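As structure tokens, the structure follows; a few thoughts come after it.
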Amino acid sequence: MLDRNDASYAERVRSLAPTTEPERQYYFVDVCRSLLLEREQQLGRKMTMHIETFGCQMNAKDSETLAGILNAIGYVWTDSEDADLVIYNTCTVRENANTRVYGRIGYLGNRKKLFPERRIVLCGCMMQEEKAVEKIRKSYRFVDIIFGTHNIYKLAELLFEREATGKFVIDVWNKAKEIVESLPRVNKYGFKAGINIMYGCNNFCSYCIVPYVRGRERSRSASEIVAEAKHMAGSGVKEVMLLGQNVNSYGKNNGEGISFAKLLRMVSEVEGIERIRFMTPHPKDLSDELIEEIAVNPKVCRHVHLPLQSGSSAILKAMNRRYTKEQYLALVERIQKRIPDVSVTTDIIVGFPGETEEDFADTVDVVTKAQFMSAYTFLYSKRNGTPAAEMDNQVNEEVASERFQRLLAVVGEVSHQQVKRLEGQTQTVLCEEYNEETGLMTGRLENNLLVHFPCGKDLLGSLVPVVLSECKGFYFLGTKAD
Ligand code: 5AD
Ligand code: SF4
């Protein structure tokens, strides 16, 4: 792309770069675009990109920014990993997320032997771990660029550096510096989108690596969030999901004093936004103000994802969750009383160090009492650097797996009962996917469950009332209500 011997060219490009963001990145987007055009002329075709996203909604959101930057440079999307530029936006919340990534980079490396001009970029949570980066440096030398979670906005600049120097570029920060707004972004769906309201986490649950790789809590300004929602509504978005590791802490650290409940209200006042979801509140500080806002605000989905993690007060203490079994159950009851048609869903970890059969029985007890609509269940995964990894009473793998299977059965039964209760109801769904062959639309209920029903393709992206005629386990078959 660039004459690598021409150091003066690279120096000149750098010296002319603005020093403020996002102007600096728009400048590098332009530089990369001209390099890309040259390359396209040589090849006689478009340059392609592929982004593979691992992990949670935050990563999905970051990937939209990465795609937006590449789009602005001129890359065209391909679903295949045989692309000119492949980005893996990685996750490290559990060990198996890392294992999967290593396996797949190996494959990319083999392909790169055949096509050396390809670029392989790794970013995201796993890259914030020194050990992972060391391993990649040593054993996966074909990787071109590594960066972390705090500087995804710098993609264009890093791509330039890779071409200018011809060398492996690594730029991982251990701390966030600034929140860079107004970057280009690609919205995957058109009618629904995520909005980051805060980054990082201060909770330090003892098993969790997130605070180490995503840094301390930083809330975006409410006006920026509302502006983003307005912009999205203007381009046809109807449903937004407000994203943060602990949304209850929103506004506690940006000096604005706007609570999360107030922010919900502000976003709901944006014309065109018809549905609002949020992820994830922490049970220790979910306020009555928030419960009230969900109850009275018709745009806010009656769905609360409330991670339990364990039903045992002793284990919760060791996890540093800062609530007891009784407090959790009382909170669920408060929510269910004030919002009678609410769906509560959860996350549960099985096999945390020191978990006894009695502790596990408490978890099962909470599942039965709280009547979760669904639960994501995870086997405890030891993450180096977290306090739980140092605990000397790690649970035997077989014991944990056996408990995990038992929990799955209970969760399956409870959630099936909850789902079945909705049969016959009429609910509003967002039409998300249309199957040309069957003529069935797939819509999502407020509580995230899916319903398939016959209708025309033109309803894609609209909110329509649907009768949930038949419960099929964890989804419904329905008919459009008049
Ligand atoms: N092991 C297993 N599950 C974990 N989670 C977070 N860290 C770990 C870990 N070390 C789960 C929690 C969290 C969800 C996103 O991932 O349940 O709510
Ligand atoms: Fe991890 Fe706990 Fe923060 Fe959630 S609240 S990201 S589980 S430390």
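Computed from a predicted model, the values in this text were never measured in an experiment. All ligand and atom numbering here is 1-based and tracks the order in the structure.
- Contacts of Arg111 classified as side-chain hydrogen bond (donor to acceptor under 3.5 Å, both in side chains), with partners at least two apart in sequence or in another chain: Asp82.
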Validation: residues 99-108 side-chain donor-acceptor distances under 3.5 Å, sequence neighbours left out:
| unit_1 | atom_1 | unit_2 | atom_2 | d |
| --- | --- | --- | --- | --- |
| Thr99 | OG1 | Glu95 | O | 3.1 |
| Arg104 | NH2 | Glu52 | OE2 | 3.2 |
| Arg104 | NH2 | Glu81 | OE2 | 2.3 |

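- For Glu397, the CD atom is loosely surrounded, since the number of other residues' heavy atoms within 6.0 Å does not exceed 12.
- Look at Arg220 and Glu228 and you find a salt bridge, because one of the NZ, NE, NH1 or NH2 atoms lies within 4.0 Å of a carboxylate O, short of that distance.
- Aromatic ring pairs are classed by plane angle as parallel below 30°, tilted from 30° to 60° and perpendicular above 60°; the pair Phe378 and Tyr376 is parallel.
- Side chain of Tyr250 to main chain of Ala222: a donor-acceptor pair is present (N/O by atom type, distance under 3.5 Å, no hydrogens or angles).
- Contacts of ligand 2 (protein heavy-atom distance under 4.0 Å) are Cys201, Asn203, Phe204, Cys205, Tyr207, Cys208, Val210, Pro211, Gln245, His282, Arg321.
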Candidate pair Arg334 and Asp288, rule salt bridge (Lys or Arg N to Asp or Glu O under 4.0 Å), full reasoning = CA-CA 9 Å; Arg334 245 179 23 245; Asp288 285 339; 3.0 Å; yes
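- No donor-acceptor pair under 3.5 Å is formed between the side chain of Arg322 and the backbone N or O of Lys317.
- Atom CD of Glu289 has more than 12 neighbouring heavy atoms from other residues, nucleotides or ligands inside a 6.0 Å radius.
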Anything under 3.5 Å between an N or O on ligand 1 and a protein N or O? List each pair with its distance, or write none.
| unit_1 | atom_1 | unit_2 | atom_2 | d |
| --- | --- | --- | --- | --- |
| ligand 1 | 1 (N) | Ser381 | N | 2.9 |
| ligand 1 | 5 (N) | Arg94 | NH1 | 3.4 |
| ligand 1 | 10 (N) | Tyr207 | O | 3.1 |
| ligand 1 | 10 (N) | Ser381 | O | 2.8 |
| ligand 1 | 16 (O) | Arg94 | NH1 | 2.8 |
| ligand 1 | 17 (O) | Gln309 | OE1 | 2.7 |
| ligand 1 | 17 (O) | Gln309 | NE2 | 3.4 |
| ligand 1 | 18 (O) | Gln309 | NE2 | 2.8 |
| ligand 1 | 18 (O) | Asp347 | OD2 | 2.7 |

